[in-house]
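Here the structure is laid out as structure tokens; the discussion comes afterwards.
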Number of protein chains: 2
Amino acid sequence: MKRHVLIYGIIGGILITVLQWTQYRFLIIEHSVEIYSALIAALFAILGIWLGLKLTKTQEKIVVKEVPVPAVDPFVPNEQKREDLGITRRELDVLELIAQGMSNREIAEKLYVSENTVKTHSSRVFDKLGAQRRTQAVQLGKELGLLP
Amino acid sequence: MKRHVLIYGIIGGILITVLQWTQYRFLIIEHSVEIYSALIAALFAILGIWLGLKLTKTQEKIVVKEVPVPAVDPFVPNEQKREDLGITRRELDVLELIAQGMSNREIAEKLYVSENTVKTHSSRVFDKLGAQRRTQAVQLGKELGLLP
DNA sequence: GCCAAAATCACCCGAAAGGATGACGACAGA
DNA sequence: TCTGTCGTCATCCTTTCGGGTGATTTTGGC
């Protein structure tokens, strides 16, 4: 945009020079100041109009582009909810693995604990969620924001 | 925008008039044509610059608004996938109820069939999904777009 | 160091789930 | 009409799950 103003100034200077040169060339002929004034004014007015039109033409419109962003849902583990329900971290660990479709035995191996331990954790988390089955516990866990 | 050009022209006309009036008032004093030319040129140049700046200033920007659209995911039941896997509608019905945390008995009551029938359907769908447990079947079903 | 909560493990029992197999009727398409 | 698929139901058997109870060890905070 600054370039436009600069160009405008330069063109103005050139025009003045041209006009002065023209004036000296026809010095013998007597021209009235009014004519020169009008000429200069007209030229600059035309220039201004042209500039205005140009600026108008290149004017950009408001483009409110509503990009449907993936809305990736970062899923922050809902610690607060977990605490509220009195579910311990370990119990939630087990619940997560249950949600992934693992058996108690597989979970036990993955967590390096006995299957009995896993059963204890799962029983407790079911109790705290009010679930009778693991599928139900998973469903409730997701509804409560405990699981992704 | 056309208003700007109009205003510019009007202001130009007024200025010329003012200048001419000024000239007649100090007619006795001899002013050179160059001074008037320069004066007019300067005034119009300033006006042009002002106009340019104003146009620049009011120029509107592109607003790329990234609206995190709710992304509600309507979930269209993936019939194609179901067919590809050779899973029947009835089997998918059972899978959906399993995903909701229901027991075989509850599903049987809901669908008005025997528990044995539910077990048959579930066994078949597990087989087709390659699942050993219902939690795993649910997980796979969601990954494959069979379930919401 | 003490205490409470958390995590760990064990055993028992009944219910639920899962696997295998067979069967039967309905229905659509060749 | 014959065939294949689908939905239905059953029986037998094994595995997994869930509930209950009790116990020991770890851990974190005071």
Side-chain angles (χ1 to χ4, degrees), chain A residues 77-144 146-147, chain B residues 77-144 146-147:
Chain A
N78 198 334
E79 281 289 313
Q80 189 56 51
K81 202 85 185 182
R82 189 185 59 79
E83 299 257 318
D84 291 349
L85 293 167
I87 296 174
T88 68
R89 240 166 288 267
R90 200 54 162 172
E91 286 163 358
L92 184 57
D93 288 345
V94 171
L95 180 60
E96 283 171 359
L97 296 179
I98 286 176
Q100 289 171 24
M102 297 175 75
S103 68
N104 288 341
R105 186 180 306 279
E106 289 170 339
I107 295 170
E109 287 172 3
K110 176 148 187 144
L111 297 181
Y112 302 110
V113 295
S114 82
E115 195 179 335
N116 286 314
T117 301
V118 175
K119 288 182 65 178
T120 302
H121 287 316
S122 63
S123 280
R124 295 212 172 124
V125 83
F126 293 170
D127 198 45
K128 288 164 184 175
L129 286 173
Q132 280 73 51
R133 287 166 288 284
R134 40 178 59 212
T135 45
Q136 197 179 0
V138 169
Q139 172 72 4
L140 289 170
K142 300 206 176 196
E143 284 176 2
L144 293 170
L146 261 40
L147 302 172
Chain B
N78 198 334
E79 280 288 313
Q80 189 56 52
K81 203 85 183 185
R82 203 201 87 236
E83 300 253 319
D84 291 350
L85 293 167
I87 296 174
T88 69
R89 242 168 287 265
R90 200 56 164 168
E91 286 163 358
L92 185 56
D93 288 344
V94 171
L95 180 59
E96 284 171 357
L97 296 178
I98 286 175
Q100 290 171 24
M102 298 174 77
S103 69
N104 287 342
R105 184 178 308 277
E106 288 170 339
I107 295 171
E109 287 172 2
K110 175 150 190 141
L111 297 182
Y112 303 109
V113 295
S114 80
E115 194 179 334
N116 285 314
T117 302
V118 174
K119 288 180 67 175
T120 301
H121 286 316
S122 63
S123 278
R124 290 204 177 131
V125 83
F126 293 170
D127 198 46
K128 288 165 184 173
L129 286 173
Q132 279 74 52
R133 287 165 288 284
R134 40 177 57 211
T135 45
Q136 195 178 1
V138 169
Q139 171 72 4
L140 289 168
K142 300 204 175 197
E143 285 177 1
L144 294 170
L146 261 38
L147 303 173

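Each chain gets a letter, A, B and so on, in the order the sequences are listed, and its residues count up from 1.
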Between A/R133 and A/R124, which residue's closest nucleotide on DNA chain D lies nearer the 5′ terminus?
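Nearest-nucleotide comparison on DNA chain D picks A/R133.
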Taking the nucleotide of DNA chain D with the closest heavy atom to each, which residue, B/T135 or B/S114, is nearer the 5' end?
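Going by which nucleotide is closer to the 5' end, it is B/S114.
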Using a cut-off of 4.0 Å on non-hydrogen atoms, how would the nucleic acid contact of [X] be classed: base, sugar-phosphate, or nothing?
{"X": "B/N116", "answer": "base"}
{"X": "A/T117", "answer": "base"}
{"X": "B/S122", "answer": "nothing"}
{"X": "A/D127", "answer": "nothing"}
{"X": "B/Q132", "answer": "sugar-phosphate"}

Notebook entry, point to check: Which nucleotide in the set D/dG18, D/dT8, C/dC9 lies at the smallest distance from any side-chain heavy atom of B/V113?
Noted result: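 My answer, after comparing the listed nucleotides, is D/dT8.
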Could you state the [atom1]-[atom2] distance from [X] to [N], rounded to the nearest angstrom?
{"X": "A/Y112", "N": "C/dA7", "atom1": "OH", "atom2": "C1'", "answer": "18 Å"}
{"X": "B/N104", "N": "C/dG19", "atom1": "CG", "atom2": "C1'", "answer": "13 Å"}
{"X": "A/E106", "N": "D/dT15", "atom1": "CD", "atom2": "C1'", "answer": "13 Å"}
{"X": "A/K119", "N": "C/dT8", "atom1": "NZ", "atom2": "C1'", "answer": "15 Å"}
{"X": "A/R134", "N": "C/dG18", "atom1": "CZ", "atom2": "C1'", "answer": "13 Å"}
{"X": "B/E115", "N": "D/dG7", "atom1": "CD", "atom2": "C1'", "answer": "17 Å"}
{"X": "B/L111", "N": "D/dC6", "atom1": "CG", "atom2": "P", "answer": "18 Å"}
{"X": "A/I98", "N": "D/dT16", "atom1": "CD1", "atom2": "P", "answer": "15 Å"}

### Query
Do the side chain of B/E91 and the main chain of B/I87 share a donor and acceptor less than 3.5 angstrom apart?
no
| query | Taking atom types as modelled, is there a side-chain donor on B/E143 or B/Q139 under 3.5 Å from an acceptor on the other? | reply | yes
**Report entry** side chain to side chain donor-acceptor pair (under 3.5 Å) evaluation trace for A/S114 with A/T117
**Finding:** CA-CA 5 Å; A/S114 82; A/T117 301; 3.1 Å; yes
Side-chain N or O of [X] less than 4.0 angstrom from OP1 or OP2 on [N]?
{"X": "A/T88", "N": "C/dA7", "answer": "yes"}
{"X": "B/R105", "N": "C/dA16", "answer": "yes"}
{"X": "B/H121", "N": "D/dG7", "answer": "no"}

Problem set entry | Any donor-acceptor N/O pair under 3.5 Å between D/dC17 base and A/S103 side chain | no
Practice task
To the nearest 0.5 Å, tell me how far B/I107 CD1 sits from B/K110 NZ.
Solution key: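 So the gap between those two atoms works out to 10.0 Å.
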* Asked: What distance separates B/K128 NZ from B/T88 OG1, expressed to the nearest 0.5 Å?
  ->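 Spacing of NZ (B/K128) from OG1 (B/T88) equals 5.0 Å.
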*Are any of the side-chain nitrogens in A/D84 or A/K81 under 4.0 Å away from the carboxylate oxygens of its partner?*
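Salt bridge absent between A/D84 and A/K81.
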Exercise for the section: Using heavy atoms to find the nearest nucleotide of DNA chain C for A/E91 and B/S123 separately, return the residue whose nucleotide is more 5′. Expected result: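 Final value for this comparison: A/E91.
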